[in-house]
Amino acid sequence: MSMWFFDEMEESAEYLRLREEALQCEREYLEGMRALQEAERQLRNHPDGENLRLRVEEIRGRLAEMEARCRWISSDVPMEMALWAPPHG
């Protein structure tokens, strides 16, 4: 018999599916942030490049869409704080 809710969740197929979806979302977000960083670097080197400017705007839009879909990915407070931190009282 497990003592904590999270011990039981490790065995749950639903939990494993949600965890895999979260990891996929994090991978996509990280790739997008790297692509944005590279595109902004190229734009700084070539400020008159219209294609680069459009690329930066496209990547920012994609990242904003991901942040709206997976709100926890860009939160100021890590999700782990809500799960593992002691109560504030």
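Numbering starts at 1 and runs along the sequence shown.
How far CD of E31 is from CG of L63: 11.0 Å, rounded to the nearest 0.5 Å. Here CG of L54 is found 8.5 Å from CD of E58. Values are rounded to the nearest 0.5 Å. Rounding to the nearest 0.5 Å gives a distance of 9.5 Å between CZ of R62 and CG of L36.
Atom CD of E65 has 12 or fewer heavy atoms from other residues, nucleotides or ligands within 6.0 Å.
Of all heavy-atom pairs spanning M66 and C25, the tightest one is CE-O, 3.2 Å. The two residues A39 and I59 make their nearest non-hydrogen contact at CB-CD1, 4.1 Å. Counting all heavy atoms, side chain and backbone alike, I73 lies closest to E26 at CD1-CA, 3.8 Å.
E67 meets the side chain to side chain donor-acceptor pair (under 3.5 Å) test with Y29; sequence neighbours excluded.
Under a hydrophobic-cluster definition in which Ile, Leu, Val, Met, Phe, Trp and Tyr are linked whenever side-chain heavy atoms come within less than 4.5 Å, directly or via other members, L52 and M33 are assigned to the same cluster. No chain of hydrophobic side-chain contacts below 4.5 Å, direct or via other Ile, Leu, Val, Met, Phe, Trp or Tyr residues, connects W72 to L18.
The salt bridge (charged side-chain N to carboxylate O under 4.0 Å, His left out) contacts involving residues 39-50 comprise E38-R41, E40-R60, E50-R53, where partners must be two or more places apart or lie in separate chains.
The shortest distance between side-chain heavy atoms of Q24 and R27 falls below 4.5 Å.
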